[in-house]
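Reading through the structure tokens given below for one structure.
The basis for the numbers below is simple: all heavy atoms, side chains too, and nothing from hydrogens, waters or symmetry mates. Not measured: the values here are computed from a predicted model.
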Amino acid sequence: MNTHSKAIQDAKSIFRVCSGNFLEMYDFAVYGFYASFIAQVFFPSHNQFISVMMSFMAFGAGFLMRPVGAIILGAYMDKHGRKKGLIITLSLMAVGTLSIAATPSYEQIGISAPIIVVIGRLLQGFSAGAELGGVSVYLAEIAPKNKKGFYVSWQSASQQVATIVAGLFGVGLHYILGDLVVSEWGWRIPFIFGCLVVPFLLVIRKTLQETPEFEAKKSLGIIKTTEILLDMFRNWKIMTLGALFVMMTTVTFYFITSYTPTFASTILHLSRLDSFLITAIIGASNFFWLPVMGLLSDRIGRKPILISTTLLSILTAYPAMYFLAHHITFTNLVVVELWLSFIYGSYNGAMVVALSEVMPSSVRVLGFSLTYSLAVAVFGGFTPVISTYFIHLTDNKAMPGIWLSIAGVCSLFATIVLLRKRSHA
């Protein structure tokens, strides 16, 4: 096969594997965007702060299932293959989305409503636990050696397409239906759309070919699940450092995407239209920076990018948020969020491929998925809750910047330790 044909085939594989990844991020983004409406429908309270906090706690609960999904589904992928596991994760995500879209309100069925929503979120979290790792490892294993950063960056880039679509969906709904209708029932439409595209995504993902690297490993003999799990425990230091390594990317991402609409409307008191428009803008910015910085990391190495971006986050996150808190305009919100998007896109573009490279091949999907899921479960998924609580506790709108800086410190430490012995880093 010549170079041109190989590039076309790889481009098709990237599209096929990332198409399902789109649904994962779309569902999580939509929930974050409509958290305040979901709070009114499923978690009603006379206190808006408590209602929104309960909604975000349900949002965060889904992330608690990610490590469980990472262990079970990640081990499955390391034993049975990337393709089979990715079809399972997509199917489970679809069921979770449908349960949220179709659940009656608290007024109609009482306590059963929030219970069903939380179960739906747990199911989504379980499937997402191995989705991201499975996609990232698949892309790393089909990529040429000198283009791994560029190939793997499309995992995150596909999520940005989902963010853009979800944001534009929100703009369109509010423009066509108005805030009142959207708050009553219109917020369900994006979830229903997510369910409708599932059959199309399943057909695409079923056309995937298994990676040559897994096929080669499989030809050596049957891989036992117990051996995979034992390898995971033997590499616990890498797993722990990996979670800190991921911390900055997941905290920053969930701040600029899932939390931003609520932050813009309830904290900064900007319009609903503005809060959804900024999300679409951020998605476009992320989509640009991720493959660019992934490609750059192939040229100059992972470590320079990772260290410089963590330092930028540590030094600028709080000052940027402080500026925005004291000069609230939509333009300033765009400027600050674009800066944070640059930091996220630059770091993540190099980090995801670096994480796949430091994982032992015997537990690559499991190790990647578990470390990423732990970071999301402990840090990123609860970023909306932590940010809301910090602001409520201090009455300081800039406090999320402190949380972003803390994440930068942790990831800087992990970067230095994990990559100090890697020649390509």
When every non-hydrogen atom of I314 is compared with those of S405, the smallest separation belongs to O-OG, 3.4 Å
Taken in chain and number order and not counting sequence neighbours, the residues that satisfy ring pair (Phe, Tyr, Trp, His ring centres under 6.0 Å) with Y347 are none
**Asked** Do K397 and I328 have side chains that get closer than 4.5 Å, going by heavy atoms?
**Response** yes
The residue among L268, D274, V335 that forms side chain to side chain contact (heavy atoms under 4.5 Å, CB included) with F330 is D274
Using side-chain heavy atoms (C-beta onward) and a distance below 4.5 Å, is M247 in contact with F413?
no
In this structure, OG1 of T97 is separated from CZ of R121 (nearest 0.5 Å) by 9.0 Å
* Exam field: side chain T260 to backbone F255, donor-acceptor pair closer than 3.5 Å -> yes
| Any side-chain heavy-atom pair from T316 and I343 closer than 4.5 angstrom? | yes
CZ of F263 to CG of L333, rounded to nearest 0.5 Å, is 7.5 Å
Quiz prompt | Any donor-acceptor pair under 3.5 Å from Y344 side chain to V251 backbone | solution = no
Correct closest heavy-atom pair for M248 and S313 would be SD-CB, 3.6 Å
inquiry  = Tell me whether the rings of W403 and F379 are parallel (<30°), tilted (30 to 60°) or perpendicular (>60°).
reply    = tilted
message: Any heavy-atom pair between the side chains of F253 and Q160 that's under 4.5 Å?
response: yes
CE (M293) and CD1 (I305) are apart, to the nearest 0.5 Å, by 4.5 Å
Sub-4.5 Å side-chain heavy-atom contact between T371 and F245
no
Ring pair (Phe, Tyr, Trp, His ring centres under 6.0 Å) filter on F342, not counting sequence neighbours, yields W289, W339
* Main-chain N/O of G96 paired to S99 side chain as donor or acceptor, under 3.5 Å -> yes
>> Quick check against the 3.5 Å criterion: does H392 have a side-chain atom that pairs as donor or acceptor with the backbone of T388?
In response: no
(message) For a 4.5 angstrom cut-off between non-hydrogen side-chain atoms, does R302 reach E357?
(response) yes
Separation between CZ (F169) and CD1 (I164), nearest 0.5 Å, reads 15.0 Å
Value for OG (S341) from CG (N348), rounded to nearest 0.5 Å, stands at 11.0 Å
So, S411 side chain and G408 main chain: donor-acceptor pair closer than 3.5 Å or not?
-> no
Query raised in the report: How about K147 and L295: do any of their side-chain heavy atoms sit closer than 4.5 Å?
Result: no
Nearest heavy-atom approach of I238 to V358 is CD1-O, 3.9 Å
Interatomic distance, OG1@T249 vs CG@L355, rounded to 0.5 Å, equals 10.5 Å
Nearest heavy-atom contact between S297 and G149 is OG-CA, 4.0 Å
Residues L92, I88; criterion side-chain contact (heavy atoms from CB on, under 4.5 Å); working and verdict: CA-CA 6 Å; L92 291 174; I88 292 174; 4.0 Å; yes
- request: Decide yes or no for N146 and D298: does some side-chain heavy atom of the first lie under 4.5 Å from some side-chain heavy atom of the second?
  value: no
| message | Looking at S153, is its backbone amide N or carbonyl O close enough to the side chain of S156 to form a donor-acceptor pair, meaning the two atoms are under 3.5 Å apart? | response | no
Nearest heavy-atom contact between A140 and S356 is CB-OG, 3.9 Å
>> For Y259 together with Y254, are the ring centres under 6.0 Å from each other?
In response: no
Angle class for the F150/W154 ring planes (parallel below 30°, perpendicular above 60°, tilted otherwise)? perpendicular
Q) Run the side-chain contact (heavy atoms from CB on, under 4.5 Å) check on N396 and I391 step by step: do they pass? A) CA-CA 5 Å; N396 180 358; I391 293 171; over 6 Å; no
Between L324 and T329, the two heavy atoms sitting closest are CD1-O, 4.4 Å
